[in-house]
Colleague: 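One structure is given below, represented as structure tokens, and several questions about it will come after.
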Amino acid sequence: MVKEVRTRFAPSPTGDLHVGNIRTALFDWAYARHTGGKLIFRIEDTDRERVTDEYINRAVETMKWLGLNWDEGPEIGGPCGPYLQSQRLDIYKHWAQKFLDDGFAYKCYCSTEELEARREKQRELNQAPGYDGKCRNLSADEEAKYVAEGRAPVIRMQMPAGETRFTDLIRGEVVFDHTFVPDFVLMRADGSPLYTLAVAVDDVLMKITHVLRGEDLLSSTPRQIRVYQAMGVAPEDYPHFAHLPFVMGQDNAKLSKRNGEVSIAWYREEGFLPEAICNYLALLGWSPGDDRENITMEELVSLFNVERVNSSPARFDMKKLEAINGDKIRALTIDDFLKRALPFLTSAKIITGTDEEIALVRKALPIIQERIVKLKEVVPMLGFFFVETVKVEEESVAKMAEEQALHVLSASLSALEPLSQWDHESIESALRAALIEKMGLKPRNAFGPVRIAVTGSHISPPLFESMELLGKERSIARIKALVR
RNA sequence: GGCCCCGUCGUCUAGUGGCCUAGGACUCUGGCUUCUCAAGCCAGCUACGAGGGUUCGAAUCCCUUCGGGGCUGCCA
């Protein structure tokens, strides 16, 4: 009987979820779904100074937006709750006390200043800095003396001599000699737990089978394993560890605010599709093994496995994300595209959202679908449909001043005004006849001025389709406006 | 400094001893197409960090070295 896989995503939301968080969440999610297991969403908010309810809510929203659903956690609860560490403080206290009673941990009365001074000395002597074990075996007298001095003790875990050996699913066997794993603090004097205690206790209590997390936590793994041992967990019941490689910024350092955009909220505002973000992030450190790159969430679920995750860090490449996003946009149905584009148009105040506006947008979307890479671009692309008069952009003004441009515009007017049929085929043949056949112009020189007059820019969606959608009256008015 | 992790085109990657004169994707360059811009199509540039082994044969195995990163907290 194989145990059901239980992975967890356990961020400490001290800000908006960022790219690195989400890559981890995505892998946790994909692995749980791939194996038919469960994803547990836990909030590590033991540091309530930095983690706020607002950030927690935003994290929950971001996960939902991305489509990374969880089986236990905020909003839905579950049998191993609560899923906010700030609501589990009694649990951590219980275990810390038990470790004390069982002799795995001890009270440490050293002050921060004393520790710092001794660490400094260790560094000078070129020794490995770390707790020196001073309070390991305090006599009752010594302890009474410290208490009398008003010192409040932290609870510190004792690392026995020896080594910790475990198999990382991505990196293979890893060994840490305890010489380099000093005794560590489990609980502050005020009774608040530290990460190392809380994370290990919760992973055990929540029956986590697979811990997928960033490689920065690799060297803290021996400490967690020590907590499992103290809790009496059998080695075969330890969770499996898989330390994911970092996502790096442009400067070869871990991606951060300084070297790239990190906040997922920013990507959403720019008009990246959640499935594009997930698709791209999945490719950062993982590959399906063949040449496939454009994959759906369903394919990700069926193909994902931890063994295929790379061990080396990957640099975040905005250009590639954009390329994937463009592919995903082009693959959207018009109704889906419309649903996703509308919020950008309304929040940019291009439209207010009337039925007529939406109907026009819907008709215009097909001609811009393959021209945009981010949803946000619908704003500049469609703007000209929704203004009374276009303002000719700076760089196009000079072109329109040329004499030939004026000839083109008046010839266009004469050709267009008599049209009884106003569709792009009629518009195109009328203009071709007048400008190209009669005047002998090259297409780009012929249609350029008309494009600028109608859309305000020398770059626009296809001209004839645009004019059709704009309507005869408004198209002609715009050309006239520039002829005078 | 110590410990740990990592090292294939500019970037993400495929590659687990012969199928590799190293494949794909993004980027970039050139071309085709073309009403602009895109999209699409074609072509091109560019990589096994270095040095030693092992082997008939190494990107793949071993050693050394160099480089990058993480940790070394009463942060997570």
Side-chain angles (χ1 to χ4, degrees), chain A residues 10-12 14 44 46-47 50-51 108 110-112 115-116 119 122-131 152-156 168 170-172 174-177 179-182 184-190 192-196 198-199 213-222 243 245-246 248 250 252-254 280 283-294 310-324 326-327 330 367-373 381 428 431-432 435-436 442-448 450-452 455 457-466:
Chain A
S12 181
T14 55
E44 311 230 324
T46 51
D47 185 351
R50 294 167 63 214
V51 178
C108 172
C110 299
S111 71
T112 314
L115 290 173
E116 188 45 51
R119 237 181 256 127
Q122 287 170 324
R123 269 190 279 263
E124 279 169 25
L125 294 172
N126 241 333
Q127 293 172 337
Y131 190 66
V154 300
I155 298 176
R156 197 179 278 276
D168 186 281
I170 294 171
R171 287 150 216 281
V174 184
V175 185
F176 287 90
D177 189 313
T179 314
F180 310 108
V181 186
F184 57 96
V185 176
L186 294 167
M187 188 163 273
R188 298 187 185 90
D190 67 0
S192 62
L194 272 89
Y195 170 78
T196 326
V199 74
R213 52 164 22 168
E215 68 164 297
D216 48 335
L217 273 342
L218 183 60
S219 46
S220 82
T221 307
H243 288 93
F246 286 127
M248 316 290 271
Q250 292 313 311
N252 211 19
K254 201 176 153 187
Y280 175 65
L283 263 20
L284 239 41
W286 174 83
S287 86
D290 52 28
D291 288 339
R292 257 184 295 190
E293 296 219 313
N294 190 326
N310 258 107
S311 48
S312 51
R315 236 175 294 320
F316 186 88
D317 182 4
M318 186 72 79
K319 280 285 197 331
K320 181 129 183 182
L321 204 211
E322 288 177 349
I324 290 176
D327 285 342
R330 270 169 247 133
I367 64 173
I368 65 163
Q369 189 166 21
E370 67 184 27
R371 280 161 235 277
I372 66 169
V373 151
M381 277 286 183
E428 177 166 6
L431 288 179
R432 280 191 186 281
L435 306 177
I436 295 176
K442 289 198 165 144
R444 63 180 306 128
N445 296 329
F447 304 132
V450 184
R451 179 188 311 283
I452 293 168
T455 70
S457 170
H458 65 283
I459 298 172
S460 81
L463 180 59
F464 315 120
E465 283 85 347
S466 298

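Within every chain, numbering begins at 1; the chains are lettered A, B, ... in the order of the sequence lines, protein sequences first and strands thereafter.
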Colleague: Taking atom C1' of G67(B) as reference, at what distance in whole Å does atom CE of Met248(A) sit?
Modeller: 13 Å
Colleague: Would you tabulate the nitrogen or oxygen pairs shorter than 3.5 Å linking the protein to nucleotides 38-42 of chain B?
Modeller:
unit_1 : atom_1 : unit_2    : atom_2 : d
A38(B) : O2'    : Glu370(A) : O      : 2.5
A38(B) : N1     : Glu370(A) : OE2    : 3.0
A38(B) : N3     : Glu370(A) : OE2    : 3.0

Colleague: Could you tell me whether Leu194(A) contacts a base, only the sugar-phosphate backbone, or nothing, with contacts defined as non-hydrogen atoms closer than 4.0 Å?
Modeller: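 It contacts sugar-phosphate atoms only.
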Colleague: What is the distance from atom CG of Asp317(A) to atom CD1 of Ile324(A), rounded to the nearest 0.5 Å?
Modeller: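 If I round to the nearest 0.5 Å, the distance is 9.5 Å.
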Colleague: Which residues pass the salt bridge (charged side-chain N to carboxylate O under 4.0 Å, His left out) test with Arg432(A), not counting sequence neighbours?
Modeller: Glu428(A)
Colleague: Tell me the partner of A38(B), counting only Watson-Crick (N1-N3 plus N6-O4 or O6-N4) or G-U wobble (N1-O2 and O6-N3) with both under 3.5 Å; none if nothing fits.
Modeller: none
Colleague: Rounding to an integer number of angstrom, what distance separates U29(B) and U13(B) when you compare their P atoms?
Modeller: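 Roughly 24 Å separates the two P atoms.
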Colleague: Does A43(B) have a Watson-Crick or wobble mate here (both distances under 3.5 Å), and if so which one?
Modeller: U29(B)
Colleague: Please give the nucleotide sitting opposite U54(B) as a Watson-Crick or G-U wobble pair, both distances under 3.5 Å, or none.
Modeller: none
Colleague: What does G2(B) pair with, Watson-Crick or G-U, if both distances are under 3.5 Å?
Modeller: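 Its partner is C71(B) (Watson-Crick or G-U wobble, both distances under 3.5 Å).
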Colleague: Taking the nucleotide of RNA chain B with the nearest heavy atom to each, does Lys319(A) or Tyr131(A) sit closer to the 5' end?
Modeller: Lys319(A)
Colleague: Could one point to a donor on the side chain of Arg444(A) or the base of C35(B) with an acceptor on the other under 3.5 Å away?
Modeller: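 For Arg444(A), whose side chain was compared with the base of C35(B), there is no donor-acceptor pair (under 3.5 Å).
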Colleague: Tell which nucleotide pairs with C19(B), taking only Watson-Crick or G-U wobble pairs whose two distances are both under 3.5 angstrom.
Modeller: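 Check on C19(B): unpaired, no WC or wobble geometry under 3.5 Å.
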Colleague: With sugar-phosphate meaning primed atoms plus P, OP1 and OP2, does Glu44(A) contact a base, only sugar-phosphate, or nothing at under 4.0 Å between heavy atoms?
Modeller: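 Sugar-phosphate, no base atom in range.
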Colleague: Does the salt bridge (Lys or Arg N to Asp or Glu O under 4.0 Å) test come out yes or no for Arg119(A) and Glu116(A), once each step is laid out?
Modeller: CA-CA 5 Å; Arg119(A) 237 181 256 127; Glu116(A) 188 45 51; 3.0 Å; yes
Colleague: Let me have a per-nucleotide readout for nucleotides 5-11 of chain B, 5' to 3', with B, S or -, counting only protein heavy atoms under 4.0 Å.
Modeller: SSS---S
Colleague: Using a cut-off of 4.0 Å on non-hydrogen atoms, how would the nucleic acid contact of Arg50(A) be classed: base, sugar-phosphate, or nothing?
Modeller: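 It contacts sugar-phosphate atoms only.
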Colleague: Here's a test of your reading of the structure: between Glu428(A) and Tyr195(A), which maps to the more 5' nucleotide of RNA chain B?
Modeller: Glu428(A)
Colleague: Please name all residues satisfying side chain to side chain donor-acceptor pair (under 3.5 Å) with Arg371(A), sequence neighbours left out, ordered by chain then number.
Modeller: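 For Arg371(A), no residue satisfies side chain to side chain donor-acceptor pair (under 3.5 Å) once neighbours in sequence are set aside.
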Colleague: Report the C-alpha separation of Phe464(A) and Leu431(A) in whole Å, then their side-chain angles, then the decisive distance to 0.1 Å, and conclude whether the side-chain contact (heavy atoms from CB on, under 4.5 Å) test is met.
Modeller: CA-CA 9 Å; Phe464(A) 315 120; Leu431(A) 288 179; 3.9 Å; yes
Colleague: Describe the nucleic acid contact of Glu465(A) in one word from base, sugar-phosphate, nothing, applying a heavy-atom distance below 4.0 Å.
Modeller: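 Contact class for Glu465(A): base.
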Colleague: So Gly285(A), base contact, sugar-phosphate only, or nothing? Heavy-atom distance under 4.0 Å.
Modeller: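 Answer is sugar-phosphate: Gly285(A) comes under 4.0 Å of backbone atoms only.
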Colleague: Considering only the C1' atoms, how many Å lie between U46(B) and G53(B), rounded to the nearest integer?
Modeller: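 Looking at atom C1' only, U46(B) and G53(B) are 30 Å apart.
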Colleague: Provide the distance between the two C1' atoms, one in C74(B) and one in C61(B), to the nearest whole Å.
Modeller: 46 Å
Colleague: What is the distance, to the nearest angstrom, from the CG atom on Leu284(A) to the C1' atom on U13(B)?
Modeller: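 The distance from CG of Leu284(A) to C1' of U13(B) comes to 10 Å, rounded to the nearest Å.
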Colleague: Which whole number of Å gives the distance between the C1' atom of G31(B) and that of C19(B)?
Modeller: 33 Å
Colleague: Under a 3.5 Å threshold, yes or no: a donor from one side chain and an acceptor from the other, between Thr455(A) and Arg451(A)?
Modeller: no
Colleague: Any idea which of C12(B), C35(B), G23(B) is nearest the Asp291(A) side chain?
Modeller: G23(B)
Colleague: Taking CG from Leu186(A) and P from C74(B), how many angstroms apart are they, rounded to a whole number?
Modeller: 11 Å
Colleague: Using only modelled atom types and a 3.5 angstrom limit, is any donor from either the side chain of Glu293(A) or the base of G24(B) paired with an acceptor on the other?
Modeller: yes
Colleague: What's the closest nucleotide to the Ala323(A) side chain, out of C12(B), C35(B), C26(B)?
Modeller: C26(B)
Colleague: C1' atom, C75(B) versus G70(B): distance in rounded Å?
Modeller: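 Pairwise C1' distance, C75(B) against G70(B), rounds to 15 Å.
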Colleague: If we take the C1' atom in both G10(B) and C56(B), what is their distance in whole Å?
Modeller: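 These two C1' atoms come out 37 Å apart once rounded.
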Colleague: Could you give the CG-to-P distance, from Leu431(A) to C35(B), as a whole number of Å?
Modeller: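 After rounding, the reported distance stands at 13 Å.
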Colleague: Report the distance from atom CZ of Arg444(A) to atom NE2 of His458(A), rounding to the nearest 0.5 Å.
Modeller: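 Arg444(A) atom CZ to His458(A) atom NE2 measures 9.5 Å (nearest 0.5 Å).
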Colleague: State the OG-NE2 distance between Ser220(A) and His243(A), to the nearest 0.5 angstrom.
Modeller: 6.5 Å
Colleague: Among C74(B), A76(B), C3(B), which is the nearest nucleotide to the side chain of Phe180(A)?
Modeller: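 So the side chain of Phe180(A) is nearest to C3(B).
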Colleague: Which distance, rounded to the nearest 0.5 Å, do you find between the CD of Glu293(A) and the CG of Asp327(A)?
Modeller: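 Reported value, rounded in 0.5 Å steps: 10.0 Å.
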Colleague: With respect to the phosphate group of C74(B), does any side-chain polar atom (N or O) of Arg119(A) fall under 4.0 Å of OP1 or OP2?
Modeller: yes
Colleague: For Val51(A) and Ser12(A): C-alpha separation, side-chain torsions, deciding distance, then whether side-chain contact (heavy atoms from CB on, under 4.5 Å) applies.
Modeller: CA-CA 7 Å; Val51(A) 178; Ser12(A) 181; 3.7 Å; yes
Colleague: Please classify the nucleic acid contact of Thr46(A) as base, sugar-phosphate, or nothing, using heavy-atom distances under 4.0 Å.
Modeller: sugar-phosphate
Colleague: Does G24(B) have OP1 or OP2 under 4.0 Å away from a side-chain N or O of Arg292(A)?
Modeller: no
Colleague: What distance, rounded to whole Å, do you find between the two C1' atoms, one in C3(B) and one in C9(B)?
Modeller: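 Rounded to whole Å, the distance is 33 Å.
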Colleague: Starting at atom CZ of Phe176(A), determine the distance to atom P of G2(B), rounded to an integer number of angstrom.
Modeller: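 Answer to the nearest Å: 16 Å.
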Colleague: Report yes if at least one side-chain N or O of Thr112(A) is closer than 4.0 Å to OP1 or OP2 of C74(B); otherwise report no.
Modeller: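 It does not, given that no N or O in the side chain of Thr112(A) lies less than 4.0 Å from OP1 or OP2 of C74(B).
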Colleague: Take the protein atom CZ of Phe447(A) and the nucleotide atom C1' of C37(B), then report the distance between them rounded to whole Å.
Modeller: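 So the CZ-C1' distance, Phe447(A) to C37(B), works out to 15 Å.
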Colleague: Mind checking what makes ring pair (Phe, Tyr, Trp, His ring centres under 6.0 Å) contact with Phe246(A), not counting sequence neighbours?
Modeller: none
Colleague: Does Phe180(A) have any ring pair (Phe, Tyr, Trp, His ring centres under 6.0 Å) partners at least two apart in sequence or in another chain, and if so, which?
Modeller: none
Colleague: How far, in whole Å, is U16(B) from C62(B) if one measures between their P atoms?
Modeller: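 C62(B) and U16(B) have their P atoms separated by 16 Å.
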Colleague: Could you tell me how far apart Asn445(A) (CG) and U34(B) (P) are, to the nearest whole angstrom?
Modeller: 16 Å
Colleague: So Val154(A), base contact, sugar-phosphate only, or nothing? Heavy-atom distance under 4.0 Å.
Modeller: base
Colleague: Just do the salt bridge (Lys or Arg N to Asp or Glu O under 4.0 Å) check on Asp190(A) and Arg188(A) with the steps written out, would you?
Modeller: CA-CA 5 Å; Asp190(A) 67 0; Arg188(A) 298 187 185 90; 5.3 Å; no
Colleague: With a 4.0 Å cut-off on heavy atoms, is Pro461(A) in touch with a base, just the backbone sugar-phosphate, or nothing at all?
Modeller: base
Colleague: Can you tell me the distance, in whole Å, between the CG atom of Asp190(A) and the P atom of C74(B)?
Modeller: 14 Å
